[in-house]
Number of protein chains: 2
Amino acid sequence: MHEHAPKSKLELTRNQALVFDALADAGGPLTAYAILDALREEGMRAPLQVYRALTKLMNVGLVHRLESLNAFVVCRHPECSSHETAAFAICETCGQVDEFAPDEAVSLLQSWASDHKFALARTTIELRGECSSCHK
Amino acid sequence: MHEHAPKSKLELTRNQALVFDALADAGGPLTAYAILDALREEGMRAPLQVYRALTKLMNVGLVHRLESLNAFVVCRHPECSSHETAAFAICETCGQVDEFAPDEAVSLLQSWASDHKFALARTTIELRGECSSCHK
DNA sequence: TCTCGAATGTAATATTATAACGCCTCTGAA
DNA sequence: TTCAGAGGCGTTATAATATTACATTCGAGA
Ligand SMILES: [Zn+2]
Ligand SMILES: [Zn+2]
Ligand SMILES: [Zn+2]
Ligand SMILES: [Zn+2]
């Protein structure tokens, strides 16, 4: 679980690479079914094919799931050592997503977990609002 | 939008009160359909009745939505002045949810937003892991 | 009384995600 | 060399979550 090893698309299977490229080309979040529709011509036919590829891509750290959107984005972390603790600013006007690494905020949350004997497995941090381009 | 005024169940309609009580009685998160099933005998028949009540309850600050669970919980904030900035620790073993107010972490996120000219509307912070009771 | 906004009831449908099954391919141990 | 297990694949069906559309009812003011 959470292999986290490669962080490269070298070892991807055909379906995994197709899904990754579709997400990367979109330049923003896509739902699983939007990915499926984008890949009909490449032979992708069933939701499960997409979900399986997404699961793998998330495990190796190439893709994030946006919980508040039920959608997926490629990881934009420079090195993504902190893949499990990324945060996302989601513009509700244009749909753009900005991934960032709120290290101090995450350590405060880790401290809370530690203080409360909560065995933290992963955190979801998502900011909703309007990005600078849209908010003039 | 986001009336945020009452924070009491005094002004609730019948359906809203039924949904609130079902959630409060559960003592933990419930999905909309679980609430519906719990309220069949009280006359609740359609998902939309539940979703409409939940929307209202969230607007007045009595209920939170857990994005990573597609479920809902009653607000446990003492005063809940910071209803929009609550965080949740979700035990993946027993399902228990602990709401807390990570004020310092939230201000760091607000600073990030401010620094990046992102007009922050609301934040989602959810910790997944195992609670102290389960993690022995 | 009138009227407007909120809430309701109901049916139909859309969207998101998983279960269950069998097959194939690779790889490493016997 | 064989063969067992793990992982991936394709397909069908179904489960779980959420919304659209429309008609009706309720309740607090004007
Ligand atoms: Zn990342
Ligand atoms: Zn924008
Ligand atoms: Zn709260
Ligand atoms: Zn627990």
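The structure presented is a predicted model; accordingly, all values stated were derived computationally and were not measured. Chain identifiers are assigned alphabetically (A, B, ...) following the order of the sequence lines, protein sequences preceding nucleic acid strands; residue numbering begins at 1 within each chain.
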(request) Could you check which of C:dT18, D:dA21, D:dT19 has an atom nearest any side-chain atom of A:P47? (result) C:dT18
(request) Select one nucleotide: of C:dA17, C:dT10, D:dT12, the one nearest the side-chain heavy atoms of A:A46. (result) D:dT12
(request) Rounded to the nearest angstrom, tell me the gap between atom CG in B:L54 and atom P in C:dA7. (result) 13 Å
(message) Would you call the rings of B:H64 and B:H77 parallel, tilted or perpendicular, taking 30° and 60° as the class edges?
(response) perpendicular
(request) Please check if any side-chain donor atom of B:S68 sits under 3.5 Å from a side-chain acceptor atom of B:E126, or the reverse. (result) yes
(request) Report yes if at least one side-chain N or O of A:Q49 is closer than 4.0 Å to OP1 or OP2 of D:dG10; otherwise report no. (result) yes
(request) State, with a plain yes or no, whether a side-chain heavy atom of B:L109 is found less than 4.5 Å away from one of A:F100. (result) yes
(message) Under 4.0 Å from OP1 or OP2 of C:dT8: is there any side-chain N or O of B:T13 that close?
(response) yes
(message) Does B:H135, at its NE2 atom, have more than 12 non-hydrogen atoms belonging to other residues, nucleotides or ligands within less than 6.0 Å?
(response) no
(message) If you compare every side-chain N and O of A:N70 against the phosphate oxygens of C:dA17 (OP1, OP2), does one of them come in below 4.0 Å?
(response) yes
(request) Whole angstrom is fine here: how far is it from CD in B:E67 over to C1' in C:dA17? (result) 16 Å
(request) Check if the side chain of A:R52 and the base of D:dG10 share a donor-acceptor pair of N or O atoms closer than 3.5 Å. (result) yes
(request) Nearest whole angstrom, please: distance from the C1' of D:dA18 to the CG of B:L30. (result) 17 Å
(message) When you measure from the side-chain N and O atoms of B:Y33 to the phosphate of D:dT17, is any distance below 4.0 Å, counting only OP1 and OP2?
(response) no
(message) For A:G43 and A:Q16, find the nucleotide of DNA chain D closest to each by heavy atoms; which residue's nucleotide sits nearer the 5' end?
(response) A:Q16
(message) Checking contacts here: which listed nucleotide (D:dT11, C:dT8, C:dT16) is nearest the side-chain heavy atoms of A:Y51?
(response) C:dT16
(message) It should be established whether A:R45 places a side-chain nitrogen or oxygen under 4.0 Å from OP1 or OP2 of nucleotide D:dT11.
(response) yes
(message) Between B:K56 and C:dA6, is there a contact of a side-chain N or O with OP1 or OP2 at under 4.0 Å?
(response) no
(request) Let me know the distance between CG of A:L48 and P of C:dC21, rounded to the nearest Å. (result) 14 Å
(message) In whole Å, I'd like the distance from the CZ atom of A:R14 to the P atom of D:dC9.
(response) 10 Å
(request) May I ask you to verify if any side-chain N or O of A:R65 is less than 4.0 angstrom from the OP1 or OP2 atom of C:dA17? (result) yes
